[in-house]
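Predicted, not measured: the structure shown is a model, and the values here were computed from it.
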Amino acid sequence: MRSAKPHFASVFLQRILNVMLFILGLILSLFLIRKTLFLIDSLLVQNEIVSYYYLVEGIVVYFLFFEFITLIVQYFKSDFHFPLRYFIYIGITAIVRLIIINHEEPETTLLYTLSILTLSLSLLVTSIVTERKSD
């Protein structure tokens, strides 16, 4: 009969993964700081059209960095598991960014919108299932 003791290789690889995710969190934090400075700089640009476009795109990218950092934090808080809902949040934000950047073709925009609807429904189902499991 095997013991319940974790295997050396899995513990070792888990520690490597944890260190790498921690480093990735630090790198993403630096990018978040850099994006904050970019947003401040965009607010100070005199050309309102250019400033508005870059500001909106910058804010969405800012949220992407923020959500990835939150995902890493939740990974460590939930005993080394990635909560599914954070991936869905990231997906929705990424698609919103695509719509902002690429909105020339109505068919593509409709597909992106349907993707957001699908992800939102997935989030709703995930929330209901999680709530039922906790009861």
Side-chain angles (χ1 to χ4, degrees):
M1 184 173 185
R2 288 188 165 182
S3 67
K5 184 177 169 183
H7 194 268
F8 171 76
S10 64
V11 171
F12 178 72
L13 291 174
Q14 183 67 51
R15 287 186 180 159
I16 289 175
L17 176 66
N18 291 345
V19 168
M20 292 301 142
L21 278 173
F22 179 77
I23 292 170
L24 179 62
L26 291 176
I27 291 169
L28 288 172
S29 297
L30 291 173
F31 278 120
L32 188 66
I33 292 168
R34 186 174 167 194
K35 185 55 75 173
T36 302
L37 296 174
F38 171 79
L39 290 174
I40 291 170
D41 186 51
S42 293
L43 287 171
L44 300 176
V45 172
Q46 298 298 324
N47 187 348
E48 290 182 24
I49 296 170
V50 172
S51 176
Y52 176 74
Y53 175 76
Y54 286 119
L55 183 64
V56 171
E57 182 184 356
I59 289 171
V60 175
V61 172
Y62 188 86
F63 276 108
L64 280 171
F65 285 133
F66 187 78
E67 287 173 359
F68 274 115
I69 293 168
T70 303
L71 177 67
I72 292 171
V73 169
Q74 289 303 317
Y75 170 81
F76 287 111
K77 283 185 174 181
S78 64
D79 294 328
F80 312 118
H81 292 87
F82 286 110
L84 178 62
R85 69 175 190 259
Y86 289 97
F87 284 112
I88 296 172
Y89 295 148
I90 290 169
I92 291 170
T93 305
I95 295 171
V96 167
R97 180 179 180 270
L98 281 173
I99 290 173
I100 291 171
I101 292 172
N102 182 15
H103 57 272
E104 287 86 23
E105 299 175 19
E107 297 87 11
T108 306
T109 304
L110 178 63
L111 287 174
Y112 290 153
T113 306
L114 291 174
S115 299
I116 291 173
L117 177 63
T118 304
L119 286 171
S120 299
L121 291 174
S122 300
L123 188 59
L124 178 66
V125 169
T126 304
S127 298
I128 290 171
V129 169
T130 305
E131 188 177 297
R132 285 187 180 169
K133 281 185 180 181
S134 66
D135 287 342

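To the nearest 0.5 angstrom, T109 atom OG1 is 6.5 Å from N102 atom CG. Rounded to the nearest 0.5 Å, atoms OG (S10) and CZ (R15) are 10.0 Å apart. The distance from the CZ atom of F65 to the CG atom of L28 is 6.5 Å, given to the nearest 0.5 Å. Taking OG of S127 as the reference point, atom CG of L123 lies at 4.5 Å (rounded to 0.5 Å). To the nearest 0.5 Å, atoms CZ (R85) and CG (L71) are separated by 10.5 Å. In this structure, L84 CG and Y89 OH are separated by 10.0 Å, a value rounded to the nearest 0.5 Å.
More than 12 heavy atoms of other shown residues, nucleotides or ligands fall within 6.0 angstrom of atom CZ in F76. Other residues, nucleotides and ligands place no more than 12 heavy atoms under 6.0 Å from the CD atom of E131. Within a 6.0 Å radius of CZ in F68, other residues, nucleotides and ligands contribute 12 heavy atoms or fewer. Other residues, nucleotides and ligands contribute at most 12 non-hydrogen atoms within 6.0 Å of the CZ atom of F63. More than 12 heavy atoms of other residues, nucleotides or ligands shown are found within 6.0 angstrom of OH on Y86. Within a 6.0 Å sphere centred on CZ of F38, heavy atoms belonging to other residues, nucleotides or ligands number more than 12.
Q74 and P83 make their closest contact through CB-CG, 3.9 Å (heavy atoms, listed as atom of the first residue, atom of the second, distance). Nearest heavy-atom pair, V60 versus R97, reported as atom, atom and distance to 0.1 Å: CG1-CB, 3.3 Å. Among all heavy-atom pairs drawn from I95 and Y112, the shortest one is CG2-O, 3.5 Å. Across all non-hydrogen atoms, the minimal contact from G91 to L119 is C-CD1, 3.8 Å. Across I92 and S120, no two heavy atoms sit closer than the pair CD1-OG, 3.9 Å.
Using bins of under 30°, 30° to 60° and over 60° for the plane-to-plane angle, the ring pair F12/F8 lands in the parallel bin.
Note on L37 and L30: separate hydrophobic clusters, where clusters join Ile, Leu, Val, Met, Phe, Trp and Tyr whose side-chain heavy atoms are under 4.5 Å apart, directly or indirectly. In the hydrophobic cluster analysis, where Ile, Leu, Val, Met, Phe, Trp and Tyr join through side-chain heavy atoms closer than 4.5 angstrom, F87 is grouped apart from V125. Under the 4.5 Å side-chain heavy-atom criterion for ILVMFWY residues, a single connected hydrophobic cluster contains both I27 and I69. Residues I88 and I128 do not share a hydrophobic cluster, defined by chaining ILVMFWY side chains whose heavy atoms lie under 4.5 Å apart. With hydrophobic clusters built from ILVMFWY side chains whose heavy atoms lie under 4.5 angstrom apart, L121 does not share a cluster with I116.
Screening N18, I16, L24, L17 against M20 for a side chain to side chain contact (heavy atoms under 4.5 Å, CB included) leaves a single residue, I16.
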Show, in sequence, the C-alpha distance, side-chain angles and deciding distance for I100 and V96, and conclude whether the side-chain contact (heavy atoms from CB on, under 4.5 Å) test is met.
CA-CA 6 Å; I100 291 171; V96 167; 4.1 Å; yes
Take L21 and F82 through the side-chain contact (heavy atoms from CB on, under 4.5 Å) test and state the conclusion after the steps.
CA-CA 12 Å; L21 278 173; F82 286 110; 3.7 Å; yes
